[in-house]
Amino acid sequence: MAKTVTAKAHTNIALVKYWGKKDADLMLPQNGSISLTLDHFYTQTSVTFATQLTADEIEFNGQRLTAQKAARISQFLDLVRQQSGQTAYAKVVTENHVPTSAGLASSASGFAALAGAASRAAGLQLDLTDLSRLARRGSGSATRSIFGGFVEWHAGHDDASSYAEVLQDPVDWDIQMIAVVLKATQKPISSTAGMARVVQTSPYYPAWVQTAEADLKRMRQAIAARDLQQVGQIAETNAMRMHALNLSAEPAFNYFTAETLTAIQAVTDLRSQGVNCYYTLDAGPNVKIICAGQDTDVIKTALQQYFEPEQLIVAKPGPGITITEN
Ligand code: 2P0
């Protein structure tokens with residue numbers, strides 16, 4: 001009887017962002033990145049390799065995946081088959097515990113959970129470093145979702161040297177994020193295509209890579225010092241520089257909506273009133289507010305001038321991957 005392995009991995013939000021590859025096959029990034037893994041959003045995936053299957057079967061939140069999304073997962077399973085010597089097709093059952101309307105990235109927790117479940121089901125016993133390297137091949141941000149707390153992904157220069165490790169876990173101080181979940185819109189361009197266009201066409205790209213080094217160093221120090229203001233300020237500036245790359249690409253693109261700008265302004269206004277809060281944004285319209293738990297109520301109350309209470313989701317630092325054999 002083929003064994004089924006289930007893995008649970010949480011999503012992460014980058015504080016110093018990955019935005020551009022130097023090797024698309026090996027998924028090597030142009031620069032390192034630092035993130036916080038969150039407790040509230042996760043993916044749980046079960047994988048069974050079974051000789052009687054005639055193709056990979058992939059179920060996502062109770063539905064068979066579209067051919068395009070299934071292809072990316074099958075390619076990843078091919079890599080696991082290559083590494084393990086497993087020859088059978090796999091049944092993959094994924095539950096994504098990100099509110100369906102949230103539009104928050106699921107490829108990070110998704111490929112981290114898939115890497116954990118598929119590698120173990122195929123007979124591999126990878127340590128967390130190697131699991132992080134494997135997850136990277138599915139999606140860059142998944143490299144970091146193997147670990148909990150604050151995590152750094154070292155850019156590296158080849159498959160062996162590009163992996164993530166923990167900077168701080170557990171997180172023993174008061175930092176959290178409030179996800180401001182905005183109306184889902186059609187993404188103007190996928191992360192993968194957007195970052196490739198930026199690398200090719202933005203005249204500012206070399207400056208991004210250069211400043212990333214300094215941002216990483218300052219962010220490591222701010223996390224070690226448990227300094228919310230520094231973490232927030234560096235993250236906010238880094239996020240806006242990433243979006244400036246998109247605005248400077250040819251053709252230009254951006255992920256903002258009018259509501260995104262409203263949320264940014266609300267955070268800036270709160271800060272000018274003395275509330276210690278900062279924003280970051282990824283490849284979508286949602287805004288994530290970096291703040292202390294003690295300020296949750298005042299921030300939520302202020303944001304409710306513009307948004308419904310259910311659009312404001314509080315997330316705390318979350319754990320690394322767990323893998324269980326059924
Ligand atoms: C990050 N993002 O560091 C950056 C910041 C979004 C903005 O990684 O092509 O899904 O699969 O490696 O990881 C989202 O891009 O892209 C992302 P691929 P991914 O979190």
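Ligands are counted one by one from 1 in listed order, and the atoms in each one are counted from 1 as well.
- Considering backbone and side-chain atoms together, N12 places no N or O closer than 3.5 Å to any N or O of ligand 1.
- At a 4.0 Å heavy-atom cut-off, ligand 1 does not touch R136 at all.
- When non-hydrogen atoms are compared, ligand 1 lies under 4.0 Å from the side chain of R144 (C-beta onward) but not from its backbone.
- The contact set between ligand 1 and K21, taken as ligand atoms under 4.0 Å from a residue heavy atom, comprises 9 (O), 12 (O), 18 (P).
- The proximity of S141 to ligand 1, defined as any non-hydrogen pair under 4.0 Å, involves the side chain as well as the backbone.
- The closest heavy-atom contact to atom 10 (O) of ligand 1, among the options G20, S106, S107, G284, comes from S107.
- Between the side chains of D269 and Q265, a donor-acceptor pair is found at a separation under 3.5 Å.
- In the hydrophobic clustering, where aliphatic and aromatic side chains (Ile, Leu, Val, Met, Phe, Trp, Tyr) are joined below 4.5 Å either directly or transitively, L53 groups with Y89.
- By the 3.5 Å distance cut-off applied to N or O atoms, S33 is not counted among the residues near ligand 1.
- Counting atoms of ligand 1 from 1 in the listed order, those under 4.0 Å from a heavy atom of A14 are 1 (C), 3 (O), 20 (O).
- Under 4.0 Å from ligand 1, the heavy atoms of S191 that appear belong solely to its side chain.
- Looking at E95 and K8, no side-chain N of the basic residue comes within less than 4.0 Å of a carboxylate O on the acidic one, giving no salt bridge.
- Heavy atoms from other residues, nucleotides or ligands lying under 6.0 Å from CD of E213 number 12 at most.
- At a 3.5 angstrom cut-off on N or O pairs, D282 does not count as close to ligand 1.
- In summary, the atoms of ligand 1 found under 4.0 Å from a heavy atom of K17, numbered by their order in the structure, are 3 (O), 5 (C).
- Less than 4.0 angstrom separates some heavy atom of M195 from each of these atoms of ligand 1: 15 (O), 16 (O).
- Each of the following atoms of ligand 1 lies closer than 4.0 Å to a heavy atom of R72: 11 (O).
- Atoms of ligand 1 lying under 4.0 Å from any heavy atom of G140, numbered from 1 in the order shown and given with element: 11 (O), 12 (O), 13 (O), 18 (P).
- Applying the 4.0 Å criterion to heavy atoms of M242 picks out, from ligand 1, the atoms 5 (C), 7 (C).
- Between D56 and R81 a salt bridge is recorded (basic side-chain N to carboxylate O distance below 4.0 Å).
- For E325, the CD atom sits in a packed shell: over 12 heavy atoms of surrounding residues, nucleotides or ligands are nearer than 6.0 Å.
- Salt-bridge annotation for K17 and D282: present, with a side-chain N of the basic residue lying under 4.0 Å from a carboxylate O of the acidic one.
- Using modelled atom types, one finds a donor on one side chain and an acceptor on the other under 3.5 Å when comparing T260 with T257.
- Between H154 and Y163, the ring center distance clears the sub-6.0 Å criterion.
- Distances below 4.0 Å separate heavy atoms of T192 from the following atoms of ligand 1: 9 (O), 11 (O), 18 (P).
- The salt bridge (charged side-chain N to carboxylate O under 4.0 Å, His left out) contacts involving residues 39-49 comprise nothing, where partners must be two or more places apart or lie in separate chains.
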